[in-house]
Amino acid sequence: MIFHHDTWYAAARAVDLGRALQGRIVAGVHVLMYRQQDGMIAATSNICPHRFAPLDRGTLVGNTVRCKYHGLEFGGDGRCVRNPHTDRINAKMHIRSFPIVERHGFAWLWLGEPSLADPSKIPDLSAFE
């Protein structure tokens, strides 16, 4: 199935997102969502680039996600911040992060080109709040 990615998707009810790692498939994309310590929602790829393990089965340590398979850690911006096996971290170890906005009781996710993510395009559902 082909999905349009340059649009906002209501990926979760905002109240359902806490410090637990939540994996979802949104428009064919494996996404990981969780709240960081400051309360902001992070959204990244849910697939570790090392052995393609699902990151939602890992552990949230502060604001980083530790992959359960080999221990790589990723920040909410998708950057690999720790490799427990060496000090080397190269660009291939980073994962994609997605713009996400909390509005009208939902977490709105943008899967397309990040520079096109205009929050003013989120549907106005304020009547349902």
Side-chain angles (χ1 to χ4, degrees):
M1 182 172 264
I2 298 173
F3 294 98
H4 183 67
H5 286 174
D6 285 329
T7 191
W8 290 100
Y9 286 93
R13 292 184 331 152
V15 70
D16 293 336
L17 293 174
R19 295 284 293 157
L21 300 173
Q22 292 196 26
R24 302 263 168 91
I25 299 175
V26 179
V29 178
H30 293 261
V31 177
L32 174 70
M33 295 179 289
Y34 61 94
R35 283 199 190 268
Q36 299 181 89
Q37 290 174 320
D38 64 1
M40 299 298 293
I41 301 171
T44 66
S45 170
N46 191 29
I47 301 171
C48 181
H50 178 233
R51 293 286 183 182
F52 311 111
L55 292 172
D56 64 328
R57 295 189 182 169
T59 305
L60 187 57
V61 181
N63 281 337
T64 63
V65 176
R66 180 182 298 145
C67 179
K68 190 173 188 170
Y69 192 43
H70 278 124
L72 294 177
E73 292 185 22
F74 303 92
D77 61 357
R79 297 187 63 77
C80 181
V81 296
R82 182 171 181 270
N83 180 348
H85 309 290
T86 181
D87 291 335
R88 281 186 313 142
I89 297 175
N90 64 48
K92 291 180 182 177
M93 297 170 81
H94 303 313
I95 58 176
R96 188 167 176 211
S97 67
F98 302 100
I100 190 161
V101 174
E102 188 172 346
R103 188 172 294 165
H104 310 306
F106 291 97
W108 293 89
L109 182 69
W110 183 272
L111 298 171
E113 170 59 42
S115 65
L116 301 177
D118 179 359
S120 71
K121 303 289 185 190
I122 294 173
D124 182 7
L125 302 179
S126 58
F128 299 105
E129 289 186 76

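Treat the numbers as computed from the prediction; the structure is a model and nothing was measured.
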A.B. asks: Which value, rounded to the nearest 0.5 Å, describes the distance between N63 atom CG and M40 atom CE?
C.D. replies: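 One gets 11.5 Å once the value is rounded to the nearest 0.5 Å.
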A.B. asks: Check whether any side-chain N or O of S45 sits under 3.5 Å from a backbone N or O of I47 as a donor-acceptor pair, and report yes or no.
C.D. replies: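 Yes; judged by distance alone, with no hydrogens or angles, the pair exists.
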A.B. asks: Sequence neighbours left out, what pairs pass ring-ring contact (aromatic ring centres under 6.0 Å, His included) with at least one residue falling in residues 43-67?
C.D. replies: H50-H70
A.B. asks: So how far is it from R82 CZ to T64 OG1, rounded to the nearest 0.5 Å?
C.D. replies: 9.0 Å
A.B. asks: Show every donor-acceptor pair shorter than 3.5 Å between a side-chain atom in residues 15-32 and any protein atom, with sequence neighbours excluded, or say none if there are none.
C.D. replies:
| from | atom 1 | to | atom 2 | distance (Å) |
| --- | --- | --- | --- | --- |
| D16 | OD1 | R13 | NH2 | 3.0 |
| D16 | OD2 | R13 | NE | 2.9 |
| D16 | OD2 | R13 | NH2 | 3.4 |
| R19 | NH1 | R35 | O | 2.9 |
| R19 | NH1 | G62 | O | 3.2 |
| R19 | NH2 | G62 | O | 2.6 |
| Q22 | OE1 | R24 | NH2 | 2.9 |
| Q22 | NE2 | D16 | O | 2.6 |
| R24 | NH1 | A11 | O | 2.8 |

A.B. asks: With a 4.5 Å limit on heavy-atom distance, are the side chains of L109 and P99 in contact?
C.D. replies: no
A.B. asks: Who else is in I2's hydrophobic cluster (ILVMFWY, side-chain heavy atoms under 4.5 Å, direct or via others)?
C.D. replies: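 Result for I2 is none, singleton.
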A.B. asks: When you look at CZ of R57, are more than 12 heavy atoms from neighbouring residues, nucleotides or ligands closer to it than 6.0 Å?
C.D. replies: no
A.B. asks: Of all the heavy-atom pairs spanning F98 and T44, show the shortest one and how long it is.
C.D. replies: CE1-C, 3.5 Å
A.B. asks: How far apart are the closest heavy atoms of F3 and Y9, and which atoms are they?
C.D. replies: CB-OH, 4.1 Å
A.B. asks: Starting at CD1 of I41, measure out to OH of Y34 and round the result to the nearest 0.5 Å.
C.D. replies: 11.5 Å
A.B. asks: How about M33 and I100: do any of their side-chain heavy atoms sit closer than 4.5 Å?
C.D. replies: yes
A.B. asks: Minimum heavy-atom separation for G76 and S97, please, with both atom names.
C.D. replies: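 Smallest interatomic distance, heavy atoms only, reads O-CB, 3.9 Å.
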A.B. asks: Taking C-beta and beyond as the side chain, do H94 and D77 meet within less than 4.5 Å on heavy atoms?
C.D. replies: no
